[in-house]
Amino acid sequence: METVSYKCLNCEAPLQYNAQKLKFYCDYCRSEYTEAELRAHFGNLDQQLNQQSVSEEVTDPDVPEGFEEFASNTVMYTCQSCGAEVITDKTTAATFCIYCHNPVVISNRLTGAFRPDRVIPFQIAEQDAQDRFFAFCKTKHFLPKTFIAQAELDKIKGVYYPYWLVDSLKDGCMYATAKKIRTWRTGDVEHTETKTFRVKRAGKIDFHDFPHPALNGEHSKALKYVNPYDDKDFRPFTMAYLSGFLAEKRNTERTDVQADVDKELKEYATRIYRDTITDYDTVEVNSVELRTLNEKWNYALMPVWMMNFQYEGRDYLYAMNGQTGKNYGELPLAKGKLAAFGVILFVALFLLSMLGGYFLL
Amino acid sequence: MMKKSILKRTAAVCAAAALLTFGGLTVSAAAEDTTAPAIVTETADMLPTDNTVVTVPVTGGEQDDYDIVTLDTGNSSDKQEKNWGKIILIAVIISIIGTGLIVYFIYRGYKYNGMTEPYEFKNKAPLELKDREDALIDVHVTTRRIERNNNN
């Protein structure tokens, strides 16, 4: 299997992308390189690899009985640094050698149809991500104490996840029933006038970069809600950005997610049309018709800091946007703390209600 | 981030204040209900000015029989016991509802932390409106007679 390992031009040590410096950095001799410098040295390595035929990964043909499923979901590569044979799963596109910790990009997972169009490099370094997470945890008073321990935070890992970015030009219209209600009094009589309108809004909506996770699995919800990303940091894809991080390749085709994307875009279109209906007291949407005039799908890798941890035998996943720092995930709740808080709150509310009742009597 | 946190806390304080005000008023209103004097209003003109003791005909009793009734001055120990029972009951209900709501929102905050709008459609999906129609299709007026409260 083709693997790429970017080496320092000065000392040949592994080179990693540094999110703090926004440059490629050698941890051994502290050399720093820009993307242009690397490209000048390595040539356009991505294009060379892309032009090569993309051979599907071949696993060991002599698979022992009972290991077929394991073999079909894993592949083996040889580390270019230490020569060890390392097993990884089918969607991993960048990883580390588990023996020498050398960063490795599995190049034929990111070529041909699987080559991303764009990438947002990590803007938040690991230490920064940990600091932000600590600061965030301090605002959460019902977290278990063990959660904030350093040992748990060591499990943060930077991963480039695959997304579909959809540019879609839609033409459509929405029909709604809206009401204006006016009330006035004459003497002892109250009059209520209800005016009913049939409302129509028609026009084109140009959706730009609508993101949809391109990786099916347990993380898809977290991948949805770490959005939005800021467009300003999009770069043309180059494998060098993956060096020093983990990366996943997409496991969905456009046809697999088209229906989901259409459904979500329709919901957004309804909200966009609805926002133009103002000056009414009530609005009831009757129908929305939408047709696609033009659509373009891009494939991009986005940075996410992922944290898996266990608490009381349960697995939790927490994700942080590697560009903006937005959080999403489920946090463990210290039930004892919450129960104590509930009791104190109950007593306080009870006493205040009693006081209120006594003084307002 | 900071602004969101401040907004959340302000909203929580406002909700708590509203709940307490509502609680106090509810308890007060319930207490007032139970303190309403059990005297028929027609006898009000027979009351002495000191509002302490009065003799009134008992409804359904013998025509010539009279009972001595202590007018409600808010000092009766019997009435006080009755009021406190209701006040405590309502305070408990309000406390259970208030605590339940606040604990539920805390739980939700931990369970679905960060579940916000994933797509900035206001910036990334411009609308070019071609047709805008607001047609009046129906008007109707309803009337309601407002009942006057003669007691006040």
Side-chain angles (χ1 to χ4, degrees), chain A residues 139-140 142-143 173 178 185 188-211 224-228 264 268-269 271-273 276 318 326-333 338 341-342 345-347 349-350 352-361, chain B residues 1 5 19-21 23-28 30-32 35 74 83 87-88 90-92 94-96 98-99 102-103 106-107 109-122 124-148:
Chain A
T139 65
K140 297 284 174 187
F142 297 101
L143 280 177
C173 63
R185 280 186 183 186
D188 288 349
V189 180
E190 184 185 84
H191 305 269
T192 304
E193 179 194 69
T194 307
K195 286 183 176 174
T196 307
F197 294 82
R198 188 185 63 234
V199 179
K200 180 188 172 189
R201 296 288 183 269
K204 290 179 185 170
I205 304 173
D206 198 359
F207 290 97
H208 285 288
D209 288 337
F210 177 75
K224 180 177 177 180
Y225 286 106
V226 291
N227 277 286
E264 286 182 59
Y268 278 112
R271 289 168 68 179
I272 290 165
Y273 287 131
T276 64
Y318 208 81
K326 183 181 179 284
N327 294 306
Y328 172 78
E330 188 180 349
L331 290 170
L333 193 58
L338 186 62
F341 171 76
L345 183 67
F346 177 84
V347 172
L349 281 176
F350 178 75
L352 284 168
S353 295
M354 292 286 287
L355 273 174
Y358 180 79
F359 284 114
L360 293 170
L361 197 75
Chain B
M1 194 87 167
S5 165
L19 189 76
L20 290 176
T21 311
L25 290 174
T26 313
V27 169
S28 164
E32 274 172 15
T35 58
N83 287 350
I87 287 172
I88 289 168
I90 293 170
V92 166
I94 287 166
S95 308
I96 288 171
T99 307
I102 291 170
V103 167
I106 291 171
Y107 170 78
Y110 280 71
K111 182 94 177 158
Y112 305 107
N113 195 284
M115 197 183 262
T116 54
E117 192 63 69
Y119 182 59
E120 294 170 313
F121 66 93
K122 285 183 181 167
K124 288 189 170 182
L127 167 69
E128 187 193 320
L129 208 57
K130 290 187 300 185
D131 190 7
R132 188 186 182 104
E133 188 183 303
D134 296 70
L136 182 64
I137 53 171
D138 183 47
V139 180
H140 72 266
V141 178
T142 56
T143 56
R144 182 177 72 93
R145 185 163 295 281
I146 301 160
E147 287 181 15
R148 291 197 172 205

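For the set B:Lys111, B:Lys130, B:Lys122, B:His140, the entry with the most heavy-atom pairs within less than 4.5 Å of chain A is B:His140. The choice from B:Arg145, B:Glu120, B:Met115 that makes the most heavy-atom pairs within less than 4.5 Å of chain A is B:Met115. Among A:Gly329, A:Ala269, A:Gly342, the residue with the largest count of heavy-atom pairs under 4.5 Å with chain B is A:Gly329. Looking only at heavy-atom pairs under 4.5 Å with chain B, the residue among A:Arg185, A:Glu264, A:Glu330 that has the most is A:Glu330. Here A:Ala202 is the residue among A:Cys173, A:Pro332, A:Ala202 with the most heavy-atom pairs under 4.5 Å with chain B.
Between A:Phe207 and A:Tyr268, a ring centre-to-centre spacing not shorter than 6.0 Å is recorded.
To the nearest 0.5 Å, atoms CD1 (B:Ile87) and CG (A:Leu355) are separated by 11.0 Å.
In summary, B:Asp131 and A:Lys200 engage in a salt bridge, as defined by a charged side-chain N under 4.0 Å from a carboxylate O. We find that B:Glu128 and A:Lys204 are not joined by a salt bridge, their nearest charged nitrogen and carboxylate oxygen being 4.0 Å or further apart. With respect to the salt-bridge test (charged N to carboxylate O, under 4.0 angstrom), the residues A:Arg201 and B:Asp134 qualify.
Interface remark: A:Lys224 contributes backbone and side-chain atoms alike to the contact with chain B (heavy atom separation under 4.5 Å).
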